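Below is one structure, written out as structure tokens; the observations come after it.
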Number of protein chains: 2
Amino acid sequence: MRIGQLADLLGIQTQTIRFYEKKGLLPLPARSYNGYRVYTEKHYKRLKFVCSCRAIGLSLSETRRLQDYQDNPHQPCSAVNTLIDEHIMHIRSQITSLQDLEKQLTSIRTSCTGQSKVIACTILNKIDEIESVSCNRDV
Amino acid sequence: MRIGQLADLLGIQTQTIRFYEKKGLLPLPARSYNGYRVYTEKHYKRLKFVCSCRAIGLSLSETRRLQDYQDNPHQPCSAVNTLIDEHIMHIRSQITSLQDLEKQLTSIRTSCTGQSKVIACTILNKIDEIESVSCNRDV
DNA sequence: TAAAAACTATAAAGTTACTATAAGGTCAAG
DNA sequence: CTTGACCTTATAGTAACTTTATAGTTTTTA
Ligand SMILES: [Zn+2]
Ligand SMILES: [Zn+2]
Ligand SMILES: [Zn+2]
Ligand SMILES: [Zn+2]
């Protein structure tokens, strides 16, 4: 199978496959006489796993760690659980900070009906009054 | 005021200030005889506004647009409201996709107690069974 | 007074997970 | 024999910074 077919199978771009290869998430494929990459079922499964990990929001390095576990299948799987637990915490903390943001934003938003001029806009005034404890930037 | 003092006042790094300057979010400061940047109250206010915008999750380009409105204060402020409305939509759609992720992840997670070996880990099996319609990547 | 610490400057590279562009080689069809 | 679809590599761009390197300046301290 060539790179275009593999990409179509998984609904991703060929560059993405090359990118994963460079990042070590996909084993080096054989090359045909003309230099084209040749993929097997094994590559397909490996790449599908990467796509699935991305679909549940795992980072590429988290995905890589899971692959390592898959490659050493006789160790206890508690490490897998830990990784997923930590990832769930990532997601949850993102959710709560976004929810906080949304509250603050809707409160700011409702103060203005959009009928005034910018100079008197209560939204801009409220933004000016925000006391960012320290410029948070991780959202 | 020098760059370090300004950074301390707002709890950010000096490089971040230079970065904002390069991005056009902060007017060019005067320079003292030795080339050091010299900031005034005006710069402080401008930078504080940027930090506040970042604190409510606005991107730098959204922040820039708000600055443009501030600089032309005699137009109607409905554009401000629209920008904030759109930004709230950004936040809300991020929240819902993260909540979807969290559901999927907790369902995957609860299937394993971490007592098995990797080869039999139901988490890895469930990840393998995910049918990513197309590898989503915007989360 | 001289060395050390602290601050400033610029420029370039690293981060994440790709996407886009450029410039070119290969292959089948018409 | 050229067009189009496919493949190759390398490089740059995205967001919002952070890190590193290299160097000049000021302040503190021994
Ligand atoms: Zn994670
Ligand atoms: Zn308004
Ligand atoms: Zn936004
Ligand atoms: Zn398990």
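The shown structure was predicted, so the numbers you read here are calculated from the model rather than taken from an experiment. Below, chains carry the letters A, B, ... as their sequence lines are ordered, and counting in each starts from 1.
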Spacing of [atom1] belonging to [X] relative to [atom2] belonging to [Y], to within rounding of 0.5 Å:
| X | Y | atom1 | atom2 | value |
| --- | --- | --- | --- | --- |
| B:Ile123 | B:Ile108 | CD1 | CD1 | 8.0 Å |
| A:Ile127 | B:Ser52 | CD1 | OG | 8.0 Å |
| A:Leu124 | A:Glu129 | CG | CD | 11.0 Å |
| B:Glu62 | B:Gln67 | CD | CD | 12.5 Å |

Notebook entry, point to check: For DNA chain C, what residues of residues 33-43 of chain B have any heavy atom nearer than 4.0 Å?
Noted result: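 Residues of residues 33-43 of chain B under 4.0 Å from DNA chain C: B:Gly35, B:Tyr36, B:Arg37.
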
**OP:** Could you list by number each residue of residues 60-71 of chain A showing a heavy-atom separation from DNA chain C of less than 4.0 Å, or answer none if no residue does?
**Re:**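 Within this stretch, A:Leu60 sit under 4.0 Å of the strand.
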
Calculate the interatomic distance between [X] atom [atom1] and [N] atom [atom2]; express it in whole Å.
| X | N | atom1 | atom2 | value |
| --- | --- | --- | --- | --- |
| A:Asp8 | D:dC7 | CG | C1' | 14 Å |
| A:Arg2 | C:dG25 | CZ | C1' | 13 Å |
| A:Lys22 | D:dA10 | NZ | P | 8 Å |
| A:Gln94 | C:dT16 | CD | C1' | 13 Å |
| A:Tyr20 | C:dT16 | OH | P | 14 Å |
| A:Lys23 | C:dC18 | NZ | C1' | 10 Å |
| A:Ile17 | D:dC6 | CD1 | C1' | 14 Å |
| A:Leu6 | D:dC7 | CG | P | 10 Å |

Linked, directly or transitively: [X] and [Y] (ILVMFWY side chains, under 4.5 Å):
| X | Y | value |
| --- | --- | --- |
| B:Tyr36 | B:Leu26 | no |
| B:Leu9 | B:Leu25 | yes |
| A:Tyr69 | B:Ile119 | no |

Check: Does the pair A:Arg46 and A:Asp71 meet the rule for a salt bridge (Lys or Arg N to Asp or Glu O under 4.0 Å), with working shown?
Finding: CA-CA 11 Å; A:Arg46 194 82 167 186; A:Asp71 293 341; 2.9 Å; yes

Quick one: does A:Thr122's side chain have a donor or acceptor within less than 3.5 Å of a partner on A:Ser111's backbone?
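Side chain of A:Thr122 to backbone of A:Ser111, a donor-acceptor pair under 3.5 Å: yes, one is there.
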
query: Does a side-chain N or O from A:Thr16 land closer than 4.0 Å to OP1 or OP2 of C:dT19, or not?
result: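 Looking at the OP1 and OP2 atoms of C:dT19, one of them is under 4.0 Å from a side-chain N or O of A:Thr16.
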
- Query: Does a side-chain N or O from A:Arg18 land closer than 4.0 Å to OP1 or OP2 of C:dC18, or not?
  - Reply: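 For C:dC18, neither OP1 nor OP2 has a side-chain N or O of A:Arg18 closer than 4.0 Å.
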
Practice problem: Hey, which sits more toward the 5' end of DNA chain C by its nearest nucleotide, A:Gln15 or A:Ser59? | Solution: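 On the 5' side of the pair lies A:Ser59.
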
